[in-house]
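Reviewing the structure listed below.
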Amino acid sequence: MTTAVIQPKWMTFGEGGTALALAALAILSLLIAANAHTSEYAFHAYLFVIASGAGVFAIVNRFYGRPADPPLQMIDGKPNYNMGPVKFSAVAAMFWGIAGFLVGLIIALQLAFPVLNFDLPWITFGRLRPLHTSAVIFAFGGNVLIATSFYVVQRTCRARLVGDIAPWFVVLGYNFFIVVAGTGYLLGITQSKEYAEPEWYADLFLTVVWVVYFLVFLGTIMRRHEPHIYVANWFYLAFIVTIAVLHLGNNAAVPVSIFSPKSYIVWSGVQDAMVQWWYGHNAVGFFLTAGFLAIMYYFIPKRADRPVYSYRLSIIHFWSLIFLYIWAGPHHLHYTALPDWAQTLGMTFSIMLWMPSWGGMINGLMTLSGAWDKLRTDPVLRMMVVSVAFYGMSTFEGPMMSVKVVNSLSHYTDWTIGHVHSGALGWVGYISFGALYCLIPWLWNRELYSLRLVNWHFWVSTIGIVFYISAMWVSGILQGLMWRAYTSLGFLEYSFVETVEAMHPFYVIRALGGLLFLIGALMMAFNLWKTVMSGHPASSPAMALAPAE
């Protein structure tokens, strides 16, 4: 009779270190909650206590439940991919997307019918508007970027994600930040900076999460078994690094006290405006453009089963976009106290951006050379190709609107809203939807439940986008023309109230467009839920790994 040898089990550095750090955060948060200056801040402190405590419990529970040996990097000569965090982020993206689109519909209706504010401070337009932008950009878009980046870097490097706890800390920590930020908006906690509303403590927590994200992504590239670094990873890395720099620069602040949610930004006056729009425009440039271009460079070739049209063009696209975009922020500050030379510099670089942007669009569209027939039968591929067309349209319109003479008509009007949403809904939304339609079946090894539903999603949401952006373009140009109209005596021809009244029908059309877009997203959520729950495994075996794949 032989006795089984019980192998001792020890906590890894990641497990022990993360558990200790979360325990310390829970104790600190409890201290802050007890001495918080406001009840809203105390509420957030208690959220940190609950989340940190849950994190410690999950790590300890996982430790006792796992085998003694850490996960293998390779199994039978094949990479042992870590897809758990990818699955979580993909599902979270769909959840936050629907929540963000719903809030967007509510505020669109509030603009058309102000009575829907209900005189309640928590759901006024002023609080729901930043909730909407953060939900769709950072919650929906951010989770799509984390999910796809963790998937793509593993597949293209043929390596498991670095770290055991770290990838989970990234996805769970990022989504906890979203909860803190969103509830903060509703409670009135904000530092009033566009795309950067969360206060200092939320920013500090996000910084830690983002540094871990960078280390996991970079570490996975460094342990790659594929010598070539595919271009999608270049774009992902640029997005991660630049967003970190922007976040630290724009959110540099001095808290009133550790027990107060209030802080004061270190910048002031026109310098604060300059730093804010250096951040704001490059949040668009690197979060909503570079990151989603990485998705384009992986998922369109993969779905079309075609190589990237020109790898050389993709590298030129990368370096020119990365260099030029960072200088374009001042075009948000035309006709302000910013020095004229800085305004002109921003305008000049914005116009130059048109060339690399369209280089990327051409590269994405021409990847379908020899496979255009697939657009008739594959609505997922059609959605991603249309997203690239929207990218091309938005990156032509943006430089045009940065020209001072055009900006004098467009700025502060709904034309800007139309421009933003043609890029947000058409480019970011559609490339994200396409990526999720690909990812969910791949991750769960299922056949997509219904291509017909994807087709309905495409057409319903496309009609919604057309209603939305067309209404805002017409509304914006009308606003600009009414604001600059003078009588023969030199007085303004229209009062501000008259211009607001003239916008009403366009706001109703915009709300209708938003409703159609939301209905399309609900169709998608149902389709993906049925895909996961159907239990029908994919009929064709997974494709063999190709070079850099």
Short side-chain to backbone donor-acceptor contact, [X] and [Y], under 3.5 Å:
| X | Y | result |
| --- | --- | --- |
| Thr289 | Val284 | yes |
| Ser369 | Met366 | yes |
| Thr133 | Pro130 | yes |
| Arg224 | Ile229 | no |
| Tyr230 | Val153 | no |
| Glu226 | Ala159 | no |

Check: [Y] and [X] side chains under 4.5 Å, non-hydrogen atoms:
| X | Y | answer |
| --- | --- | --- |
| Phe205 | Phe176 | yes |
| Pro79 | Arg158 | yes |
| Val532 | Arg446 | no |
| Leu116 | Ile106 | no |
| Ile137 | Val428 | no |
| Leu439 | Val144 | no |
| Phe467 | Phe517 | no |

Inset, instruction - Report the C-alpha separation of Tyr236 and Thr148 in whole Å, then their side-chain angles, then the decisive distance to 0.1 Å, and conclude whether the side chain to side chain donor-acceptor pair (under 3.5 Å) test is met. - result: CA-CA 9 Å; Tyr236 279 128; Thr148 56; 2.8 Å; yes
Which distance, rounded to the nearest 0.5 Å, do you find between the [atom1] of [X] and the [atom2] of [Y]?
| X | Y | atom1 | atom2 | result |
| --- | --- | --- | --- | --- |
| Phe125 | Leu109 | CZ | CG | 11.5 Å |
| Ser470 | Ile509 | OG | CD1 | 9.0 Å |
| Arg303 | Arg382 | CZ | CZ | 11.5 Å |
| Trp459 | Asn455 | CH2 | CG | 7.5 Å |
| Leu453 | Leu448 | CG | CG | 9.0 Å |
| Asn251 | Leu204 | CG | CG | 10.5 Å |

Which atom of [X] lies closest to which atom of [Y], heavy atoms considered:
| X | Y | value |
| --- | --- | --- |
| Val162 | Gly219 | CG2-C, 3.1 Å |
| Met383 | Phe458 | CE-CA, 3.7 Å |
| Pro198 | Ala202 | CB-CB, 3.8 Å |
| Gly329 | His281 | CA-CB, 3.8 Å |
| Leu161 | Arg223 | O-NH1, 3.4 Å |
| Ala294 | Phe235 | CB-CB, 3.6 Å |

Inset, instruction - In sequence, state the C-alpha distance, the side-chain angles, and the governing distance for Glu197 and Arg127, and then conclude on salt bridge (charged side-chain N to carboxylate O under 4.0 Å, His left out). - result: CA-CA 11 Å; Glu197 285 92 349; Arg127 292 193 184 183; over 6 Å; no
Proximity of [X] and [Y] rings by center, below 6.0 Å:
| X | Y | result |
| --- | --- | --- |
| Phe150 | Tyr213 | yes |
| Phe390 | Trp427 | no |
| His317 | Tyr311 | no |

Between [X] and [Y], does any side-chain donor sit less than 3.5 Å from a side-chain acceptor?
| X | Y | result |
| --- | --- | --- |
| Gln154 | Asn82 | no |
| His457 | Tyr437 | yes |
| Tyr185 | His132 | no |
| Tyr297 | Asn363 | yes |
| Thr156 | Asn233 | yes |
| Glu397 | Trp473 | yes |
| Ser394 | His419 | no |

Legend entry - Lys193 with Glu199: basic N within carboxylate O range, under 4.0 Å: no
Inset, instruction - Using a strict cut-off of less than 4.0 Å between a Lys/Arg side-chain nitrogen and an Asp/Glu carboxylate oxygen, indicate whether Arg62 and Asp164 qualify as a salt bridge. - result: yes
Inset, instruction - Decide side chain to side chain contact (heavy atoms under 4.5 Å, CB included) for Ile300 and Leu368; before the verdict, give the C-alpha distance in whole Å, the side-chain angles of both, and the deciding distance to 0.1 Å. - result: CA-CA 8 Å; Ile300 287 184; Leu368 269 79; 3.8 Å; yes
Inset, instruction - Can you spot which of Phe138, Phe239, Phe217, Phe177 makes a ring pair (Phe, Tyr, Trp, His ring centres under 6.0 Å) with Trp210? - result: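 Of all the options given, the one that passes is Phe239.
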Legend entry - Candidate list Phe287, Phe95, Phe292, Phe101, test ring pair (Phe, Tyr, Trp, His ring centres under 6.0 Å), partner Phe140, passing option: Phe101
Inset, instruction - Please report the C-alpha distance between Val454 and Asp378 in whole Å, then the side-chain angles of each, then the deciding distance to 0.1 Å, and finally whether the side chain to side chain contact (heavy atoms under 4.5 Å, CB included) criterion is met. - result: CA-CA 9 Å; Val454 180; Asp378 188 354; over 6 Å; no
Inset, instruction - Check the pair Thr462 / Tyr430 against side chain to side chain donor-acceptor pair (under 3.5 Å), numbers first and verdict last. - result: CA-CA 9 Å; Thr462 298; Tyr430 270 9; 2.6 Å; yes
Inset, instruction - Begin from the C-alpha positions of Phe48 and Val180 and carry the test side chain to side chain contact (heavy atoms under 4.5 Å, CB included) through to its verdict. - result: CA-CA 9 Å; Phe48 273 95; Val180 171; 4.1 Å; yes
Inset, instruction - List the steps, then state whether side chain to side chain donor-acceptor pair (under 3.5 Å) holds for Asn175 with Trp96. - result: CA-CA 10 Å; Asn175 280 277; Trp96 289 120; 2.8 Å; yes
Inset, instruction - Answer yes or no: are there more than 12 heavy-atom neighbours, outside Trp122 itself, under 6.0 Å from its atom CH2? - result: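 No, not enclosed.
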Legend entry - Cationic tip of Arg510 above Tyr507 ring, under 6.0 Å, 45° of axis: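 Yes, Arg510 lies over the aromatic ring of Tyr507.
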Inset, instruction - Report the C-alpha distance between Met384 and Val388 in whole Å, list the side-chain angles of each, state the deciding distance to 0.1 Å, and finish with yes or no for side chain to side chain contact (heavy atoms under 4.5 Å, CB included). - result: CA-CA 7 Å; Met384 290 194 283; Val388 178; 5.9 Å; no
